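Worksheet for the structure shown next.
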Amino acid sequence: MRTPIMDWFDMEAPIFAFSHCPDVVAAVSQNGGVGVFGTSRIPYEQIKDDMGWLARHCPDRPIGFDVIFPSRAPHRFETMRPEEIQELIPREHFDFVDDVLHKAGVKPPTPEERTAEIAAYVTDRLRTHKQSEARLEIAYQYPNVKMIVSALGVPPQAQIDRAHELGMKVGSLVGHPKHVKKQLDAGVDVLIAAGYEAGGHTGDISGMVLTPQIVDAAGPEVPVLQAGGIVKGRQIAAALALGAQGVWTGSVWLTTSEAETTPLQKQMIFEASSGDTIRSKARSGKPVRHLNTGFVRAWEAEGAPKPLPTPLQGVVSDLITSRAAKLQSRELMSQPCGQAAGMLNSESNVRGVMYAFLMEFGETMERLEALFNAEKA
């Protein structure tokens with residue numbers, strides 16, 4: 001079985017793997033898929049180091065490079081100083097952050113510390129178009145980057161044209177059929193149908209319903225990948241049956257030995273059921289599916305301030321999540337994860353996950369063929 005997109009990228013399996021960890025990205029590409037490096041929350045200088053590492057450890061296999069271009073994040077933020085952005089955040093949100101930290105037994109930042117942390121976040125990780133374009137300049141230097149992807153929003157025309165000039169494909173995640181025309185008009189090559197069940201930024205239509213609509217809207221010449229809750233080979237077969245040419249995976253790689261996730265984060269995923277995740281604007285100002293931790297519950301509680309629009313909410317939430325990461329606080333952790341958490345129960349490695357995907361996919365196709373042949377008989 002080969003789909004056209006597999007020939008585009010010389011793939012042995014129709015599996016794209018989103019990860020913030022270079023080790024996962026390289027291992028997936030080396031094992032027949034395409035690893036896609038998620039960079040939006042990684043500091044700029046670290047991205048340069050990570051891409052150098054990927055160039056050395058995965059020089060002959062294709063990889064992807066993922067950024068975000070929020071469609072409703074005002075461009076005025078790109079020219080504002082950190083102190084000007086801080087002034088846009090209501091005092092009640094800072095008071096709320098301090099209260100959440102106090103209740104978790106964590107010392108809140110002093111005013112001076114808060115100002116310094118916000119300045120660092122705004123300078124490097126505010127997720128503006130300007131910052132994403134600077135990240136892409138790094139990707140354009142490496143010939144093994146064969147696809148750039150926008151995880152949120154339509155990529156700017158100049159970036160699509162630049163990628164095409166360099167022989168790269170351009171992908172974009174979509175959560176509603178109404179988004180397809182704008183993406184295709186801009187020249188996007190691959191659409192990723194991001195179902196409601198996915199981790200991270202997601203829409204509110206389930207993959208079973210969304211994918212065939214995206215396939216129909218895209219037409220036969222544009223490959224579609226299905227994203228959301230895919231951790232089993234039989235789900236790859238289902239995605240292909242819906243018209244997709246492959247799958248876009250994420251949460252499953254969080255549980256691998258190569259991943260950057262800590263033992264606590266893995267334990268939280270292993271203990272979670274598919275009902276233990278929630279979509280909330282608490283992390284970024286746009287709907288993100290996380291494990292339902294104390295961090296999310298605090299923002300969703302009655303009387304909590306309403307999350308701010310993107311990118312301001314990220315500035316506020318980082319004051320909590322950065323401390324949660326350092327302290328490994330289960331209560332304050334914001335761990336994006338899809339509803340597939342209920343099927344993730346133990347650690348494996350990337351090669352093992354790829355093998356399990358393909359074994360179950362093959363078994364599923366054999367079972368379906370047997371059913372078809374029995375019907376004919």
Side-chain angles (χ1 to χ4, degrees), residues 8-13 15-69 120-152 155-156 158-173 189-190 200 248-250 252-262 265 318 322 325-326 336 349-351 353-354:
W8 282 12
F9 297 105
D10 188 28
M11 303 171 72
E12 298 175 11
I15 300 169
F16 291 76
F18 171 88
S19 177
H20 295 101
C21 180
D23 300 72
V24 172
V25 172
V28 170
S29 290
Q30 289 164 348
N31 282 280
V34 170
V36 182
F37 185 32
T39 67
S40 62
R41 73 184 191 193
I42 300 177
Y44 180 82
E45 292 299 325
Q46 183 181 333
I47 293 171
K48 291 199 293 186
D49 291 342
D50 288 343
M51 288 302 296
W53 185 93
L54 280 165
R56 294 190 300 274
H57 290 81
C58 193
D60 302 321
R61 294 296 305 156
I63 64 171
F65 190 94
D66 180 285
V67 293
I68 67 172
F69 289 103
Y121 183 89
V122 168
T123 299
D124 202 30
R125 291 177 290 128
L126 193 60
R127 300 180 179 183
T128 62
H129 283 215
K130 184 177 180 180
Q131 289 182 358
S132 291
E133 289 170 350
R135 283 160 161 72
L136 286 176
E137 286 300 321
I138 302 173
Y140 294 147
Q141 299 174 30
Y142 292 94
N144 62 333
V145 176
K146 300 300 183 183
M147 179 169 69
I148 65 168
V149 180
S150 174
L152 196 64
Q159 300 302 323
I160 294 176
D161 293 343
R162 178 85 178 279
H164 286 163
E165 289 170 2
L166 293 170
M168 299 177 181
K169 299 296 185 181
V170 179
S172 194
L173 276 76
D189 304 294
V190 181
W248 177 274
T249 56
V252 66
W253 310 109
L254 297 173
T255 64
T256 60
S257 57
E258 293 92 340
E260 81 283 4
T261 37
T262 66
Q265 290 171 297
D318 186 69
S322 61
K326 291 177 182 177
N349 58 33
V350 168
R351 186 176 181 84
V353 171
M354 292 291 288

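Since the structure is predicted, the reported quantities are computational estimates derived from the model, not experimental observations. Quick note: numbers below take in every heavy atom, side chains included, and nothing from hydrogens, waters or symmetry partners.
- In this structure, the separation between CZ on Arg41 and CD1 on Ile68 is 11.5 Å, given to the nearest 0.5 Å.
- For the pair Met354 and Ala13, the tightest heavy-atom approach, listed with the atom from each and the gap, is CE-CB, 4.2 Å.
- In summary, the side chains of Asp189 and His164 do present a donor paired with an acceptor at a separation below 3.5 Å, with no hydrogens or angles considered.
- Nearest heavy atoms, Ser19 versus Val25: O-CG2, 3.9 Å.
- For the atom pair Ser29 OG and Ile15 CD1, the distance stands at 11.5 Å (nearest 0.5 Å).
- To the nearest 0.5 angstrom, His129 atom NE2 is 7.5 Å from Ser150 atom OG.
- Between the Arg351 side chain and the Ala27 main chain, no donor and acceptor come within less than 3.5 Å of each other.
- Side-chain contact between Leu54 and Phe37 is present, with heavy atoms from C-beta onward closer than 4.5 Å.
- Listed here is the closest heavy atom pair of Pro336 and Leu254: O-CD1, 3.6 Å.
- The side-chain heavy atoms of Val36 and Phe65, taken from C-beta on, include no pair separated by under 4.5 Å.
- For the atom pair CG of Asp23 and OG of Ser257, the computed distance is 9.5 Å after rounding to the nearest 0.5 Å.
- No side-chain heavy atom of Val67 sits less than 4.5 Å from a side-chain heavy atom of Ile148.
- The two atoms that bring Lys146 and Pro62 nearest to each other are CG-CB, 3.4 Å, heavy atoms only.
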* Test side chain to side chain contact (heavy atoms under 4.5 Å, CB included) applied to Phe69 and Leu136, step by step -> CA-CA 12 Å; Phe69 289 103; Leu136 286 176; 3.8 Å; yes
* Begin with the C-alpha distance, continue with both residues' side-chain angles, and end with the deciding distance and a verdict on side chain to side chain contact (heavy atoms under 4.5 Å, CB included) for Thr256 and Val353. => CA-CA 8 Å; Thr256 60; Val353 171; 3.9 Å; yes
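- Side-chain contact between Ser132 and Arg127: absent, with no pair of heavy atoms (C-beta onward) separated by less than 4.5 Å.
- For the pair Lys48 and Glu45, the salt-bridge criterion is met [side-chain N within less than 4.0 Å of a carboxylate O].
- The shortest side-chain heavy-atom distance between Ile138 and Tyr44 falls under the 4.5 Å cut-off.
- Ionic pairing of Glu137 and Arg162 is present here: one or more N-O contacts between side-chain nitrogen and carboxylate oxygen are shorter than 4.0 angstrom.
- Looking at every heavy atom in both residues, Pro155 comes nearest to Val170 through CG-CG1, 4.1 Å.
- Within the 4.5 Å cutoff, the side chain of Met51 has heavy atoms near those of the Val145 side chain.
- Note that CD of Gln265 and CD of Glu260 are 7.5 Å apart. Values are rounded to the nearest 0.5 Å.
- Under the rule for a ring-ring contact (aromatic ring centres under 6.0 Å, His included), the partners of Phe16 that lie at least two apart in sequence or sit in another chain are Phe9.
- Inter-residue side-chain proximity for Asn144 and Pro59 is flagged as unmet; no heavy-atom pair is nearer than 4.5 Å.
- Side-chain contact check for Leu126 versus Gln131: some heavy-atom pair is nearer than 4.5 Å.
- The main-chain N or O of Asn349 is never found under 3.5 Å from a side-chain atom of Glu258 such that the two would form a donor-acceptor pair.
- For the pair Asp124 (side chain) and Ala120 (backbone), a donor-acceptor distance under 3.5 Å is absent.
- In the model, Glu165 has no side-chain atom that pairs as donor or acceptor with a side-chain atom of Tyr140 under 3.5 Å.
- Taking all atoms of both residues into account, the shortest heavy-atom contact from Asp318 to Arg125 is OD1-NH1, 3.5 Å.
- Rounded to the nearest 0.5 Å, atoms CE (Met168) and CD (Gln159) are 10.5 Å apart.
- Between Phe18 and His20, the ring planes lie perpendicular to each other; the angle is over 60°, past the 30° to 60° tilted range.
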